[in-house]
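The structure appears right after this line, and notes come after that.
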Protein chains: 2
Amino acid sequence: MVSPAAGSPRTPTRVLVIDDEPQLVRALVINLKARAYDVDTAHDGATALRVAADRRPDVVVLDLGLPDMDGVQVIKGLRGWSRVPILVLSARHSSDEKVQALDAGADDYVTKPFGMDELLARLRAAVRRAEPVGDEADMTVETEEFTVDLAAKKVDRGGRDVRLTPTEWHLLEVLVRNADKLVGQRQLLQEVWGPSYGTETNYLRVYMAQLRRKLEADPSHPRHFITEPGMGYRFEK
Amino acid sequence: MVSPAAGSPRTPTRVLVIDDEPQLVRALVINLKARAYDVDTAHDGATALRVAADRRPDVVVLDLGLPDMDGVQVIKGLRGWSRVPILVLSARHSSDEKVQALDAGADDYVTKPFGMDELLARLRAAVRRAEPVGDEADMTVETEEFTVDLAAKKVDRGGRDVRLTPTEWHLLEVLVRNADKLVGQRQLLQEVWGPSYGTETNYLRVYMAQLRRKLEADPSHPRHFITEPGMGYRFEK
DNA sequence: GACGTCTTTGACGCAACCCTGACGCGGGGA
DNA sequence: TCCCCGCGTCAGGGTTGCGTCAAAGACGTC
(Lines give C-alpha, C1' and ligand atoms only; values in the text may rest on other atoms or scores of the structure.)
Protein backbone atom coordinates (compact mmCIF):
# COMPACT_ATOMS: atom_id res chain seq x y z
CA MET A 1 0.00 0.00 0.00
CA VAL A 2 2.95 2.26 0.60
CA SER A 3 4.51 2.11 -2.82
CA PRO A 4 3.73 -0.22 -5.67
CA ALA A 5 7.16 0.11 -7.25
CA ALA A 6 5.92 -1.68 -10.33
CA GLY A 7 8.66 -3.38 -12.24
CA SER A 8 11.49 -2.52 -9.85
CA PRO A 9 12.71 -5.61 -7.96
CA ARG A 10 14.17 -3.48 -5.19
CA THR A 11 17.55 -4.66 -3.92
CA PRO A 12 17.40 -6.62 -0.69
CA THR A 13 17.60 -4.73 2.58
CA ARG A 14 21.11 -4.80 3.99
CA VAL A 15 21.46 -5.42 7.73
CA LEU A 16 24.60 -5.04 9.80
CA VAL A 17 24.61 -7.14 12.97
CA ILE A 18 27.11 -6.06 15.59
CA ASP A 19 27.48 -8.52 18.44
CA ASP A 20 30.19 -10.62 20.03
CA GLU A 21 28.07 -13.58 21.11
CA PRO A 22 28.42 -16.19 18.39
CA GLN A 23 25.17 -17.97 19.24
CA LEU A 24 23.05 -14.87 19.12
CA VAL A 25 24.68 -13.76 15.91
CA ARG A 26 24.01 -17.11 14.35
CA ALA A 27 20.38 -17.06 15.35
CA LEU A 28 19.95 -13.58 13.96
CA VAL A 29 21.71 -14.31 10.72
CA ILE A 30 19.64 -17.41 10.09
CA ASN A 31 16.39 -15.61 10.75
CA LEU A 32 17.32 -12.60 8.70
CA LYS A 33 18.59 -14.53 5.72
CA ALA A 34 15.46 -16.66 5.79
CA ARG A 35 13.56 -13.43 5.21
CA ALA A 36 15.73 -12.39 2.29
CA TYR A 37 17.75 -9.78 4.12
CA ASP A 38 21.34 -9.24 3.14
CA VAL A 39 23.40 -9.67 6.33
CA ASP A 40 26.84 -8.49 7.37
CA THR A 41 28.30 -9.12 10.81
CA ALA A 42 30.91 -7.56 13.05
CA HIS A 43 32.13 -8.76 16.44
CA ASP A 44 33.54 -5.56 17.79
CA GLY A 45 33.05 -1.84 17.49
CA ALA A 46 36.07 -1.00 15.39
CA THR A 47 35.22 -3.59 12.78
CA ALA A 48 31.61 -2.50 12.87
CA LEU A 49 32.43 1.07 11.97
CA ARG A 50 34.67 -0.04 9.15
CA VAL A 51 32.13 -2.47 7.74
CA ALA A 52 29.37 0.09 8.02
CA ALA A 53 31.39 2.58 6.01
CA ASP A 54 32.17 -0.08 3.43
CA ARG A 55 28.81 -1.69 3.01
CA ARG A 56 26.37 1.10 3.80
CA PRO A 57 23.74 -1.02 5.54
CA ASP A 58 20.08 -0.01 5.48
CA VAL A 59 19.74 -0.81 9.18
CA VAL A 60 22.08 -1.67 12.05
CA VAL A 61 21.46 -4.08 14.94
CA LEU A 62 23.87 -3.24 17.71
CA ASP A 63 24.62 -5.09 20.93
CA LEU A 64 25.85 -2.67 23.55
CA GLY A 65 28.15 -5.18 25.25
CA LEU A 66 31.12 -5.16 22.93
CA PRO A 67 34.65 -6.23 23.88
CA ASP A 68 36.58 -3.27 22.54
CA MET A 69 34.51 -0.16 23.05
CA ASP A 70 31.40 1.28 24.60
CA GLY A 71 28.26 0.80 22.55
CA VAL A 72 27.32 4.43 22.82
CA GLN A 73 30.61 5.29 21.16
CA VAL A 74 29.67 3.09 18.26
CA ILE A 75 26.36 4.91 17.92
CA LYS A 76 28.09 8.25 17.91
CA GLY A 77 30.62 6.99 15.43
CA LEU A 78 27.85 6.01 13.07
CA ARG A 79 25.82 9.14 13.62
CA GLY A 80 28.80 11.22 12.69
CA TRP A 81 28.18 10.54 9.04
CA SER A 82 25.04 8.46 8.67
CA ARG A 83 21.38 8.48 9.53
CA VAL A 84 21.01 4.74 9.18
CA PRO A 85 18.45 3.33 11.66
CA ILE A 86 20.14 1.77 14.69
CA LEU A 87 18.42 -0.89 16.75
CA VAL A 88 20.13 -1.49 20.05
CA LEU A 89 20.21 -4.80 21.90
CA SER A 90 21.24 -4.99 25.52
CA ALA A 91 21.12 -7.26 28.52
CA ARG A 92 20.88 -4.30 30.82
CA HIS A 93 17.46 -3.09 31.79
CA SER A 94 18.77 0.05 33.38
CA SER A 95 16.73 3.01 32.35
CA ASP A 96 19.84 5.12 32.30
CA GLU A 97 21.52 3.11 29.65
CA LYS A 98 18.45 3.19 27.44
CA VAL A 99 18.25 6.94 27.68
CA GLN A 100 21.92 7.31 26.88
CA ALA A 101 21.74 5.08 23.87
CA LEU A 102 18.58 6.66 22.50
CA ASP A 103 19.84 10.18 23.01
CA ALA A 104 23.10 9.29 21.34
CA GLY A 105 21.10 8.60 18.24
CA ALA A 106 19.76 5.06 18.50
CA ASP A 107 16.34 4.48 17.03
CA ASP A 108 15.13 1.65 19.21
CA TYR A 109 16.21 -0.33 22.24
CA VAL A 110 15.40 -3.97 22.92
CA THR A 111 16.35 -5.76 26.11
CA LYS A 112 17.51 -9.33 26.14
CA PRO A 113 16.07 -11.83 26.16
CA PHE A 114 13.79 -10.80 23.33
CA GLY A 115 11.39 -12.55 21.03
CA MET A 116 12.63 -12.95 17.50
CA ASP A 117 9.22 -11.96 16.13
CA GLU A 118 9.32 -8.71 18.02
CA LEU A 119 12.83 -7.92 16.96
CA LEU A 120 11.98 -8.50 13.34
CA ALA A 121 8.89 -6.36 13.61
CA ARG A 122 10.90 -3.52 15.13
CA LEU A 123 13.43 -3.94 12.40
CA ARG A 124 10.75 -3.70 9.74
CA ALA A 125 9.40 -0.58 11.39
CA ALA A 126 12.84 1.02 11.43
CA VAL A 127 13.47 0.24 7.79
CA ARG A 128 10.01 1.28 6.70
CA ARG A 129 10.16 4.75 8.12
CA ALA A 130 13.66 5.31 6.83
CA GLU A 131 13.02 4.75 3.18
CA PRO A 132 9.80 5.81 1.49
CA VAL A 133 10.11 9.52 0.90
CA GLY A 134 13.36 9.32 -0.97
CA ASP A 135 12.23 6.76 -3.51
CA GLU A 136 11.46 9.49 -5.94
CA ALA A 137 15.08 9.50 -6.95
CA ASP A 138 14.97 7.53 -10.14
CA MET A 139 11.37 8.33 -10.84
CA THR A 140 12.41 10.02 -14.05
CA VAL A 141 12.83 8.48 -17.47
CA GLU A 142 14.73 10.11 -20.28
CA THR A 143 14.70 9.67 -24.01
CA GLU A 144 16.56 11.60 -26.66
CA GLU A 145 13.59 13.82 -27.24
CA PHE A 146 11.80 14.21 -23.93
CA THR A 147 11.99 13.53 -20.21
CA VAL A 148 9.23 12.11 -18.04
CA ASP A 149 9.30 12.94 -14.34
CA LEU A 150 6.89 10.55 -12.68
CA ALA A 151 7.13 12.11 -9.23
CA ALA A 152 6.45 15.67 -10.33
CA LYS A 153 4.10 14.55 -13.06
CA LYS A 154 5.94 16.64 -15.59
CA VAL A 155 7.07 16.07 -19.12
CA ASP A 156 9.89 18.13 -20.51
CA ARG A 157 10.64 18.43 -24.20
CA GLY A 158 13.46 20.61 -25.35
CA GLY A 159 13.35 22.68 -22.20
CA ARG A 160 9.64 23.36 -22.42
CA ASP A 161 6.91 21.74 -20.38
CA VAL A 162 4.50 19.63 -22.34
CA ARG A 163 0.91 19.98 -21.32
CA LEU A 164 -0.89 16.67 -20.90
CA THR A 165 -4.51 16.04 -20.04
CA PRO A 166 -5.28 13.65 -17.16
CA THR A 167 -6.07 10.75 -19.46
CA GLU A 168 -2.99 11.35 -21.56
CA TRP A 169 -0.83 11.45 -18.48
CA HIS A 170 -2.36 8.34 -17.01
CA LEU A 171 -1.77 6.44 -20.20
CA LEU A 172 1.79 7.66 -20.44
CA GLU A 173 2.43 6.71 -16.84
CA VAL A 174 1.33 3.12 -17.32
CA LEU A 175 3.46 2.75 -20.42
CA VAL A 176 6.55 4.32 -18.88
CA ARG A 177 6.27 2.26 -15.71
CA ASN A 178 6.37 -0.80 -17.93
CA ALA A 179 9.14 0.49 -20.17
CA ASP A 180 10.31 -1.93 -22.83
CA LYS A 181 7.52 -4.31 -21.94
CA LEU A 182 4.45 -4.95 -24.00
CA VAL A 183 1.28 -3.71 -22.32
CA GLY A 184 -1.86 -5.41 -23.57
CA GLN A 185 -4.73 -3.22 -24.69
CA ARG A 186 -7.06 -4.76 -22.15
CA GLN A 187 -4.66 -4.01 -19.32
CA LEU A 188 -4.13 -0.50 -20.62
CA LEU A 189 -7.84 0.17 -20.81
CA GLN A 190 -8.50 -1.19 -17.35
CA GLU A 191 -5.69 0.72 -15.72
CA VAL A 192 -6.58 4.03 -17.31
CA TRP A 193 -10.34 3.93 -17.79
CA GLY A 194 -11.28 1.49 -15.03
CA PRO A 195 -11.99 -2.18 -14.58
CA SER A 196 -15.24 -2.16 -16.54
CA TYR A 197 -13.45 -1.30 -19.77
CA GLY A 198 -11.53 -3.72 -21.93
CA THR A 199 -12.73 -3.67 -25.51
CA GLU A 200 -12.91 0.01 -26.35
CA THR A 201 -9.69 -0.02 -28.32
CA ASN A 202 -10.69 3.11 -30.17
CA TYR A 203 -9.97 5.09 -27.01
CA LEU A 204 -6.43 3.81 -27.15
CA ARG A 205 -6.02 4.78 -30.78
CA VAL A 206 -7.19 8.31 -30.15
CA TYR A 207 -5.06 8.90 -27.06
CA MET A 208 -1.98 7.20 -28.38
CA ALA A 209 -2.22 9.56 -31.31
CA GLN A 210 -2.38 12.52 -28.94
CA LEU A 211 0.65 11.31 -27.02
CA ARG A 212 2.64 10.77 -30.17
CA ARG A 213 1.65 14.17 -31.50
CA LYS A 214 2.85 15.82 -28.32
CA LEU A 215 5.99 13.78 -27.72
CA GLU A 216 7.30 12.10 -30.84
CA ALA A 217 9.57 13.96 -33.22
CA ASP A 218 7.73 12.41 -36.17
CA PRO A 219 4.29 11.36 -34.92
CA SER A 220 3.53 9.28 -37.98
CA HIS A 221 6.70 7.24 -37.53
CA PRO A 222 6.84 6.75 -33.77
CA ARG A 223 10.13 5.69 -32.22
CA HIS A 224 9.05 5.43 -28.59
CA PHE A 225 5.40 4.53 -28.59
CA ILE A 226 5.34 1.33 -30.59
CA THR A 227 2.19 -0.39 -31.74
CA GLU A 228 2.10 -4.14 -31.50
CA PRO A 229 -0.79 -4.92 -33.83
CA GLY A 230 -3.55 -6.92 -32.26
CA MET A 231 -1.87 -6.99 -28.88
CA GLY A 232 -1.05 -3.65 -27.34
CA TYR A 233 1.57 -0.96 -27.08
CA ARG A 234 5.13 -0.68 -25.88
CA PHE A 235 7.20 2.25 -24.65
CA GLU A 236 10.87 2.27 -25.56
CA LYS A 237 13.54 4.77 -24.62
CA MET B 1 21.99 18.77 21.39
CA VAL B 2 20.29 17.58 18.30
CA SER B 3 18.37 20.81 18.52
CA PRO B 4 17.22 21.97 15.13
CA ALA B 5 17.82 25.19 13.32
CA ALA B 6 20.07 27.18 15.55
CA GLY B 7 18.68 30.64 15.86
CA SER B 8 15.14 29.77 14.81
CA PRO B 9 12.72 29.71 17.75
CA ARG B 10 10.99 26.69 16.30
CA THR B 11 7.44 26.16 17.52
CA PRO B 12 7.16 23.68 20.38
CA THR B 13 6.79 20.02 19.54
CA ARG B 14 3.14 19.02 19.62
CA VAL B 15 2.30 15.71 21.28
CA LEU B 16 -1.04 13.92 21.16
CA VAL B 17 -1.60 11.57 24.11
CA ILE B 18 -4.30 8.95 23.56
CA ASP B 19 -5.21 7.07 26.70
CA ASP B 20 -8.27 6.45 28.85
CA GLU B 21 -6.56 6.18 32.22
CA PRO B 22 -6.80 9.61 33.82
CA GLN B 23 -3.88 9.08 36.15
CA LEU B 24 -1.48 8.02 33.47
CA VAL B 25 -2.61 10.87 31.24
CA ARG B 26 -2.06 13.35 34.03
CA ALA B 27 1.42 12.04 34.73
CA LEU B 28 2.32 12.22 31.06
CA VAL B 29 0.90 15.67 30.57
CA ILE B 30 2.75 17.05 33.56
CA ASN B 31 6.06 15.59 32.46
CA LEU B 32 5.64 16.67 28.88
CA LYS B 33 4.58 20.19 29.66
CA ALA B 34 7.48 20.52 32.05
CA ARG B 35 9.71 19.88 29.07
CA ALA B 36 8.01 22.49 26.94
CA TYR B 37 6.01 20.15 24.80
CA ASP B 38 2.63 21.23 23.54
CA VAL B 39 0.18 18.54 24.64
CA ASP B 40 -3.25 17.47 23.42
CA THR B 41 -5.16 14.54 24.86
CA ALA B 42 -7.88 12.17 23.77
CA HIS B 43 -9.45 9.37 25.76
CA ASP B 44 -10.85 7.28 22.93
CA GLY B 45 -9.98 6.39 19.38
CA ALA B 46 -12.64 8.38 17.59
CA THR B 47 -11.73 11.58 19.38
CA ALA B 48 -8.09 10.84 18.81
CA LEU B 49 -8.46 10.66 15.06
CA ARG B 50 -10.46 13.87 15.00
CA VAL B 51 -8.01 15.73 17.19
CA ALA B 52 -5.08 14.44 15.18
CA ALA B 53 -6.65 15.76 12.01
CA ASP B 54 -7.33 19.09 13.65
CA ARG B 55 -4.10 19.68 15.49
CA ARG B 56 -1.52 17.87 13.38
CA PRO B 57 0.69 16.63 16.22
CA ASP B 58 4.40 16.03 15.65
CA VAL B 59 4.24 12.76 17.56
CA VAL B 60 1.49 10.52 18.95
CA VAL B 61 1.54 8.48 22.17
CA LEU B 62 -1.12 5.80 21.89
CA ASP B 63 -2.40 3.40 24.52
CA LEU B 64 -3.71 0.27 22.86
CA GLY B 65 -6.40 -0.35 25.46
CA LEU B 66 -9.05 2.11 24.40
CA PRO B 67 -12.74 1.85 25.27
CA ASP B 68 -14.22 2.36 21.84
CA MET B 69 -11.96 0.76 19.27
CA ASP B 70 -8.96 -1.45 18.72
CA GLY B 71 -5.67 0.38 18.98
CA VAL B 72 -4.44 -1.07 15.73
CA GLN B 73 -7.41 0.51 14.01
CA VAL B 74 -6.34 3.86 15.36
CA ILE B 75 -2.87 3.32 13.95
CA LYS B 76 -4.28 2.45 10.57
CA GLY B 77 -6.61 5.42 10.71
CA LEU B 78 -3.67 7.70 11.25
CA ARG B 79 -1.44 6.04 8.71
CA GLY B 80 -4.11 6.50 6.10
CA TRP B 81 -3.12 10.10 5.70
CA SER B 82 -0.19 10.88 7.98
CA ARG B 83 3.35 9.77 8.67
CA VAL B 84 3.44 11.19 12.18
CA PRO B 85 5.56 9.04 14.53
CA ILE B 86 3.39 6.79 16.71
CA LEU B 87 4.63 5.53 20.05
CA VAL B 88 2.47 2.72 21.41
CA LEU B 89 1.87 2.00 25.08
CA SER B 90 0.40 -1.27 26.21
CA ALA B 91 -0.03 -3.39 29.29
CA ARG B 92 0.16 -6.53 27.22
CA HIS B 93 3.56 -8.10 26.77
CA SER B 94 2.35 -10.48 24.11
CA SER B 95 4.76 -10.60 21.24
CA ASP B 96 1.89 -10.94 18.82
CA GLU B 97 0.36 -7.66 19.74
CA LYS B 98 3.65 -5.87 19.39
CA VAL B 99 4.16 -7.27 15.94
CA GLN B 100 0.67 -6.31 14.89
CA ALA B 101 1.00 -2.77 16.12
CA LEU B 102 4.45 -2.26 14.62
CA ASP B 103 3.46 -3.69 11.27
CA ALA B 104 0.35 -1.56 11.21
CA GLY B 105 2.65 1.42 11.20
CA ALA B 106 3.62 2.14 14.78
CA ASP B 107 7.14 3.41 15.33
CA ASP B 108 7.82 2.10 18.80
CA TYR B 109 6.20 -0.07 21.44
CA VAL B 110 6.60 0.35 25.19
CA THR B 111 5.11 -2.05 27.72
CA LYS B 112 3.63 -0.85 30.97
CA PRO B 113 4.83 -0.24 33.53
CA PHE B 114 7.52 1.93 32.01
CA GLY B 115 10.01 4.44 33.26
CA MET B 116 9.18 8.01 32.45
CA ASP B 117 12.79 8.67 31.53
CA GLU B 118 12.76 5.89 29.02
CA LEU B 119 9.49 6.98 27.49
CA LEU B 120 10.72 10.51 27.07
CA ALA B 121 13.94 9.28 25.51
CA ARG B 122 12.01 7.16 23.04
CA LEU B 123 9.81 10.11 22.30
CA ARG B 124 12.82 12.30 21.61
CA ALA B 125 14.22 9.63 19.33
CA ALA B 126 10.96 9.41 17.41
CA VAL B 127 10.72 13.14 16.95
CA ARG B 128 14.38 13.50 16.07
CA ARG B 129 14.35 11.05 13.22
CA ALA B 130 11.16 12.48 11.82
CA GLU B 131 12.86 15.79 11.19
CA PRO B 132 13.77 16.27 7.58
CA VAL B 133 17.45 16.72 6.90
CA GLY B 134 18.04 19.90 4.98
CA ASP B 135 15.21 21.73 6.58
CA GLU B 136 17.17 24.62 7.97
CA ALA B 137 18.78 25.89 4.83
CA ASP B 138 16.00 26.42 2.34
CA MET B 139 13.23 27.33 4.70
CA THR B 140 12.63 30.26 2.42
CA VAL B 141 11.62 30.26 -1.20
CA GLU B 142 11.96 33.22 -3.50
CA THR B 143 10.32 34.14 -6.74
CA GLU B 144 10.66 37.27 -8.79
CA GLU B 145 7.60 38.73 -7.19
CA PHE B 146 7.46 37.47 -3.63
CA THR B 147 9.33 35.56 -0.92
CA VAL B 148 7.91 32.83 1.28
CA ASP B 149 9.56 32.24 4.64
CA LEU B 150 8.31 28.87 5.83
CA ALA B 151 9.97 29.10 9.23
CA ALA B 152 8.65 32.53 10.10
CA LYS B 153 5.35 31.89 8.36
CA LYS B 154 5.63 35.13 6.48
CA VAL B 155 5.24 36.22 2.91
CA ASP B 156 6.99 39.27 1.63
CA ARG B 157 6.02 41.07 -1.55
CA GLY B 158 7.87 44.16 -2.61
CA GLY B 159 9.07 44.82 0.93
CA ARG B 160 5.62 44.62 2.45
CA ASP B 161 4.15 41.73 4.40
CA VAL B 162 1.26 39.99 2.73
CA ARG B 163 -1.56 39.13 5.05
CA LEU B 164 -2.77 35.54 4.66
CA THR B 165 -5.58 33.77 6.45
CA PRO B 166 -4.75 30.44 8.15
CA THR B 167 -6.25 28.39 5.34
CA GLU B 168 -4.51 30.42 2.68
CA TRP B 169 -1.20 29.96 4.44
CA HIS B 170 -1.68 26.25 4.91
CA LEU B 171 -2.46 25.81 1.25
CA LEU B 172 0.52 27.88 0.24
CA GLU B 173 2.77 25.92 2.54
CA VAL B 174 1.82 22.57 1.06
CA LEU B 175 2.35 23.85 -2.45
CA VAL B 176 5.69 25.47 -1.69
CA ARG B 177 6.99 22.41 0.15
CA ASN B 178 6.31 20.47 -3.02
CA ALA B 179 7.69 23.08 -5.35
CA ASP B 180 7.72 22.06 -9.01
CA LYS B 181 5.80 18.95 -8.18
CA LEU B 182 2.19 18.42 -9.01
CA VAL B 183 0.04 18.14 -5.89
CA GLY B 184 -3.18 16.25 -6.50
CA GLN B 185 -6.40 17.93 -5.47
CA ARG B 186 -7.23 15.08 -3.12
CA GLN B 187 -3.90 15.34 -1.39
CA LEU B 188 -4.23 19.09 -1.17
CA LEU B 189 -7.68 18.86 0.37
CA GLN B 190 -6.63 16.24 2.87
CA GLU B 191 -3.51 18.06 3.95
CA VAL B 192 -5.23 21.39 4.40
CA TRP B 193 -8.79 20.55 5.39
CA GLY B 194 -8.24 17.11 6.93
CA PRO B 195 -8.51 13.47 5.97
CA SER B 196 -12.27 13.44 5.63
CA TYR B 197 -12.15 15.80 2.68
CA GLY B 198 -11.21 14.82 -0.83
CA THR B 199 -13.88 15.83 -3.30
CA GLU B 200 -14.67 19.40 -2.35
CA THR B 201 -12.68 20.87 -5.18
CA ASN B 202 -14.60 24.13 -5.01
CA TYR B 203 -12.66 24.97 -1.85
CA LEU B 204 -9.50 24.72 -3.85
CA ARG B 205 -10.82 26.95 -6.57
CA VAL B 206 -11.82 29.65 -4.14
CA TYR B 207 -8.61 29.63 -2.15
CA MET B 208 -6.32 29.33 -5.12
CA ALA B 209 -8.02 32.42 -6.44
CA GLN B 210 -7.32 34.22 -3.18
CA LEU B 211 -3.68 33.21 -3.23
CA ARG B 212 -3.25 34.32 -6.79
CA ARG B 213 -4.98 37.61 -6.10
CA LYS B 214 -2.58 38.28 -3.24
CA LEU B 215 0.62 36.99 -4.77
CA GLU B 216 0.55 36.89 -8.53
CA ALA B 217 1.41 39.94 -10.57
CA ASP B 218 -1.42 39.15 -12.96
CA PRO B 219 -3.89 36.92 -11.11
CA SER B 220 -5.76 35.96 -14.24
CA HIS B 221 -2.59 34.70 -15.90
CA PRO B 222 -0.77 32.98 -13.04
CA ARG B 223 2.92 32.25 -13.44
CA HIS B 224 3.58 30.50 -10.14
CA PHE B 225 0.37 28.78 -9.17
CA ILE B 226 -0.32 26.56 -12.13
CA THR B 227 -3.53 24.66 -12.63
CA GLU B 228 -3.26 21.19 -14.04
CA PRO B 229 -6.85 20.58 -15.10
CA GLY B 230 -8.40 17.47 -13.65
CA MET B 231 -5.34 16.66 -11.58
CA GLY B 232 -4.22 19.36 -9.19
CA TYR B 233 -1.99 22.37 -8.80
CA ARG B 234 1.69 23.09 -9.01
CA PHE B 235 3.87 25.81 -7.55
CA GLU B 236 6.74 27.01 -9.68
CA LYS B 237 9.39 29.59 -8.88
C1' DG C 1 -25.33 42.77 20.98
C1' DA C 2 -22.91 44.62 16.98
C1' DC C 3 -18.97 44.34 14.26
C1' DG C 4 -15.15 42.33 11.43
C1' DT C 5 -12.84 38.41 9.59
C1' DC C 6 -12.63 33.96 7.82
C1' DT C 7 -14.87 29.96 5.85
C1' DT C 8 -18.38 27.73 3.35
C1' DT C 9 -21.75 27.44 -0.22
C1' DG C 10 -24.25 28.42 -4.53
C1' DA C 11 -24.72 30.24 -9.34
C1' DC C 12 -22.96 31.47 -13.76
C1' DG C 13 -20.00 31.79 -18.09
C1' DC C 14 -16.39 29.82 -20.43
C1' DA C 15 -12.77 26.91 -21.84
C1' DA C 16 -10.97 22.36 -22.06
C1' DC C 17 -11.49 17.66 -22.12
C1' DC C 18 -13.58 13.17 -23.33
C1' DC C 19 -16.28 10.52 -26.22
C1' DT C 20 -18.02 9.35 -30.70
C1' DG C 21 -18.56 8.51 -35.50
C1' DA C 22 -16.66 8.80 -40.14
C1' DC C 23 -13.05 8.13 -43.35
C1' DG C 24 -8.60 6.43 -45.36
C1' DC C 25 -4.94 3.34 -45.31
C1' DG C 26 -2.39 -1.07 -45.28
C1' DG C 27 -1.67 -6.00 -44.60
C1' DG C 28 -3.34 -10.81 -44.39
C1' DG C 29 -6.55 -14.27 -45.87
C1' DA C 30 -9.98 -16.20 -49.02
C1' DT D 1 -7.75 -9.47 -56.86
C1' DC D 2 -10.99 -8.41 -53.62
C1' DC D 3 -12.48 -8.25 -48.95
C1' DC D 4 -12.05 -7.37 -44.15
C1' DC D 5 -10.09 -6.26 -39.92
C1' DG D 6 -7.21 -3.25 -37.24
C1' DC D 7 -4.97 1.10 -36.87
C1' DG D 8 -4.35 6.22 -37.50
C1' DT D 9 -6.51 10.63 -38.22
C1' DC D 10 -9.82 14.26 -37.90
C1' DA D 11 -13.66 17.13 -36.41
C1' DG D 12 -17.94 18.00 -33.94
C1' DG D 13 -20.94 17.95 -29.61
C1' DG D 14 -22.04 16.81 -24.91
C1' DT D 15 -20.11 17.16 -20.51
C1' DT D 16 -17.02 18.25 -17.04
C1' DG D 17 -14.00 21.26 -14.59
C1' DC D 18 -12.20 25.84 -13.63
C1' DG D 19 -12.39 30.83 -12.42
C1' DT D 20 -15.14 34.39 -10.64
C1' DC D 21 -18.39 36.77 -7.91
C1' DA D 22 -21.51 37.28 -4.18
C1' DA D 23 -23.89 36.17 -0.14
C1' DA D 24 -24.79 33.45 3.88
C1' DG D 25 -22.93 31.08 7.93
C1' DA D 26 -19.48 30.50 11.82
C1' DC D 27 -16.39 32.47 14.98
C1' DG D 28 -14.14 35.60 17.97
C1' DT D 29 -13.59 40.54 19.66
C1' DC D 30 -14.82 44.66 21.44
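The sequence lines fix the lettering, A, B, ..., with proteins before strands; numbering per chain opens at 1. Only this structure's heavy atoms are used, side chains among them; waters, hydrogens and symmetry mates stay out.
- The listed nucleotides are dC6(C), dT20(C), dC18(D); the one nearest the side chain of R163(B) is dC6(C).
- Remark: Y233(B) is not in phosphate contact with dC18(D), judged by side-chain N or O atoms under 4.0 Å from OP1 or OP2.
- The separation between M208(A) atom CE and dC7(D) atom P is 11 Å, rounded to whole Å.
- Within residues 189-201 of chain B, no residue approaches DNA chain D, by heavy-atom distance under 4.0 Å.
- For R186(B), the CZ atom sits in a loose shell: 12 or fewer heavy atoms of surrounding residues, nucleotides or ligands are nearer than 6.0 Å.
- Relative orientation of the F235(B) and H224(B) rings is tilted, given thresholds of 30° and 60° on the angle between their planes.
- Distance H170(B) NE2 to dT8(C) P: 13 Å, rounded to the nearest Å.
- The distance from atom CD of Q185(B) to atom OG1 of T199(B), rounded to the nearest 0.5 Å, is 10.0 Å.
- Side-chain proximity of V206(A) to the nucleotides dC7(D), dC6(C), dT20(C) is greatest for dT20(C).
- The 5' end of DNA chain C is approached more closely, in terms of each residue's nearest nucleotide, by Y203(B) than by the other of P166(A) and Y203(B).
- Of the listed nucleotides (dG8(D), dG21(C), dT20(D)), dT20(D) has the atom at the smallest distance from the side chain of A209(B).
- Look at R205(A) and you won't find any side-chain N or O under 4.0 angstrom from OP1 or OP2 of dA22(C).
- No hydrogens or angles considered: nothing links the side chains of D149(A) and T147(A) as a donor-acceptor pair under 3.5 Å.
- Between N202(A) atom CG and dG21(C) atom C1' the separation is 10 Å, expressed in whole Å.
- Closest approach to the R213(A) side chain among dC18(C), dC10(D), dG8(D) is made by dC10(D) (side chain taken as heavy atoms from C-beta onward).
- Nucleotide dT20(D) holds its C1' atom 15 Å from the CG atom of L211(B), rounded to whole Å.
- Atom CE of M116(B) has more than 12 heavy atoms from other residues, nucleotides or ligands within 6.0 Å.
- The aromatic rings of Y197(A) and Y203(A) are tilted relative to each other, their planes meeting at an angle between 30° and 60°.
- Note that the CZ atom of R14(A) and the OH atom of Y37(A) stand 14.5 Å from one another [nearest 0.5 Å].
- Residue Y207(B) is classed as a base contact, given a heavy-atom separation below 4.0 Å to a base.
- For T165(B), no side-chain nitrogen or oxygen approaches OP1 or OP2 of dT5(C) to under 4.0 Å.
- With the end axes of the helix from dG1(C)-dC30(D) to dA30(C)-dT1(D) each set by five pairs, the angle from one to the other reads 30° at 10° resolution.
- Straight-line distance from the CD atom of Q210(B) to the P atom of dT20(D): 11 Å, rounded to whole Å.
- Going from atom CH2 of W169(B) over to atom P of dT7(C) covers 14 Å, rounded to whole Å.
- Taking atom CG of residue L171(B) and atom C1' of nucleotide dT7(C), one finds them 13 Å apart after rounding to whole Å.
- If you check the side chains of R212(B) and T227(B), you find a donor sitting under 3.5 Å from an acceptor.
- In this structure, T227(B) does not reach the dC18(D) phosphate: none of its side-chain N or O atoms is under 4.0 Å from OP1 or OP2.
- Using a 4.0 Å heavy-atom cutoff across all strands shown, Q185(B) reaches sugar-phosphate atoms only and no base atom.
- Checking dG19(D), dT7(C), dT20(D) against every side-chain atom of S220(B), the shortest atom distance belongs to dT20(D).
- In this structure, NE2 of H221(B) is placed 14 Å from C1' of dT20(D), rounded to the nearest angstrom.
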May I have the step-by-step check of ring-ring contact (aromatic ring centres under 6.0 Å, His included) for Y207(A) and W193(A), ending in yes or no?
-> CA-CA 12 Å; Y207(A) 278 91; W193(A) 278 269; 5.7 Å; yes
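- Side-chain contact, E118(A) with Y109(B): no donor N or O sits under 3.5 Å from an acceptor N or O.
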